[in-house]
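Chain A is the first sequence line, chain B the second, and so forth, proteins listed ahead of strands; every chain is numbered from 1.
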There are 2 protein chains.
Amino acid sequence: MSNFEALFDYIQEISGKLLSEDDKHLLMAHFKPRKLRKRQYFLQEGDVCKYIGFIVKGSARTFTVDEKGHEHILKLSLENWWLADFESFYLLTPSRFNIEALEELEVLQSTNAQIEEFLKDIPAFSAMANVISQNNTIATQKRMQAAMSYTAEKRYEDLVSNYPHFLKRFSQNMIASYLGLSPETLSRIRKNSFK
Amino acid sequence: MSNFEALFDYIQEISGKLLSEDDKHLLMAHFKPRKLRKRQYFLQEGDVCKYIGFIVKGSARTFTVDEKGHEHILKLSLENWWLADFESFYLLTPSRFNIEALEELEVLQSTNAQIEEFLKDIPAFSAMANVISQNNTIATQKRMQAAMSYTAEKRYEDLVSNYPHFLKRFSQNMIASYLGLSPETLSRIRKNSFK
DNA sequence: AAGTACATTTGATTTAGGTCAACTCACTGT
DNA sequence: ACAGTGAGTTGACCTAAATCAAATGTACTT
């Protein structure tokens, strides 16, 4: 019923390996479709992140709330991305993050224990995990560098040129928080860049 | 001659698996000891990071230089850590980073191609790689959150409580740059916290 | 021991970006 | 059609941290 093809295609593309029919059946048996309405939480601060979700449709944000009540978005997620607080998911510790659906969200979700099985039994899945972890290391390092070295304006320009689709899918407030800016500051940056 | 025991112990401890004698011989055959003097570069911006190094002794910093000529430290590394720009190392692209020895530095180094062999042939090595990649994902996420949500003072306090040994080994200027602060600001923060 | 090169501290001033507040547009649901 | 809510804009003001500059401390070198 639910769209497992998206998941299969993704695994095969990222890993560069094919999934056997057995592999596919195993995945279908242990990834459960789940729908969340806009504003619904996939994960709440303080809970253990028991599930990892593959986004089939929709978008989400991962954020913290600081002592002043300000929200800070650490991750914006779209179709064909994994949704989880990996720290909590791997270590089974309570999460410091919230993950909230920004649009109606469809995921295929599974548990830590089950993922371990996939890693053991499905070569393409384990190859995919390695590639993702590499990509993730690289991306986070870039983002860290940007946060440290660049001005707000440069960070926004980088986003515009590297992730233009973000601007279509996420509100300006979300983008501002993702860039570590107040909404007002982003509004002003955009105003100036139109000259 | 050089201290391979440190490397063996590290792999076994992190992976939770034992290395066979064959494994050890393989590692000894393909990790080459290298010494760098203080201030010497392990990697220069624009070069491809051909080697990954395991630090046996000494310390290093990974940093970028922005258009104004300001340096930003992304990573401080000590004994039993891996030294590389993983983006450049994995993808064989020119690096945006510099890696410089802060003290006399002894590493055991190997190449990308060789690491691939280790991953295939040495189970403990591949288990270690997975654990490191997990830890790395978690640590970078924490650091990103800290950079976004916390004040300079809170970031320093976190460093003091989580990595007290950093303060012993790295100069205040290095710590400041690592925290994304000017040396003057860090000096003032320290002054205030002594009350 | 003297001299040069760094590190750190302190003070005065500047600035990027945040905060607070008011206003304008959409959209949504009734 | 109309209130209501959230998103974006604009202006006035504020603040954390950077910058500039000078003084002091420390630690290699020869």
Kindly indicate whether the side chain of B:K50, heavy atoms from C-beta on, has any atom under 4.5 Å from the side chain of B:T111.
no
Which of these, B:F89, B:F54, B:F42, sits in a ring-ring contact (aromatic ring centres under 6.0 Å, His included) with B:W82?
B:F54
Nearest-nucleotide pick for A:Q172, side chain only, options being D:dT9, D:dG6, C:dT8
D:dT9
Degree of bending in the helix from C:dT4-D:dA27 to C:dT30-D:dA1 once both end axes are built from five pairs, to 10°:
50°
When the distance from NZ of B:K38 to P of C:dC6 is rounded to whole Å, what number comes out?
10 Å
Once you measure the plane-to-plane angle for B:F118 and B:F31, does it fall in the parallel (<30°), tilted (30-60°) or perpendicular (>60°) bin?
parallel
Let me know the distance between CG of B:L102 and P of D:dC28, rounded to the nearest Å.
14 Å
Applying the side-chain hydrogen bond (donor to acceptor under 3.5 Å, both in side chains) test to B:E100, which of B:Q40, B:K38, B:Q44, B:R61 qualifies?
B:R61
Distance from A:Y178 atom OH to A:F166 atom CZ, nearest 0.5 Å?
5.0 Å
Gap between atoms CG and P, on B:D66 and D:dA18 respectively (whole Å)
13 Å
Given D:dG8, is OP1 or OP2 found less than 4.0 Å from the side-chain N or O atoms of A:N173?
yes
Any A:K191 side-chain N or O less than 4.0 Å from OP1/OP2 of D:dT10:
yes
Using a 4.0 Å cut-off on protein heavy atoms (strictly under), produce a 5'-to-3' string for nucleotides 16-26 of chain C with B for base contact, S for backbone-only sugar-phosphate contact, and - for none.
-SBBBB-----
Atom CE of B:M148 and atom C1' of D:dA16 are separated, to the nearest Å, by 17 Å
When rounded to whole Å, the CD1 to C1' distance for the pair B:I175 and C:dA7 reads 14 Å
Take atom NZ of B:K154 and atom P of D:dA17, then tell me their distance rounded to the nearest Å.
13 Å
Does some side-chain heavy atom of A:F97 sit less than 4.5 Å from a side-chain heavy atom of A:E45?
no
salt_bridge(A:K120, A:E117) N-O dist < 4.0 Å:
yes
Any salt bridge between A:E79 and A:R169, counting N to O under 4.0 Å?
yes
Rounded off to whole Å, could you give me the OH-to-P distance for the B:Y156 and D:dA17 pair?
15 Å
No-hydrogen, no-angle side-chain donor-acceptor test under 3.5 Å, A:Q141 and B:D85
yes
Whole-Å distance, A:N192 CG to D:dT9 P, equals 12 Å
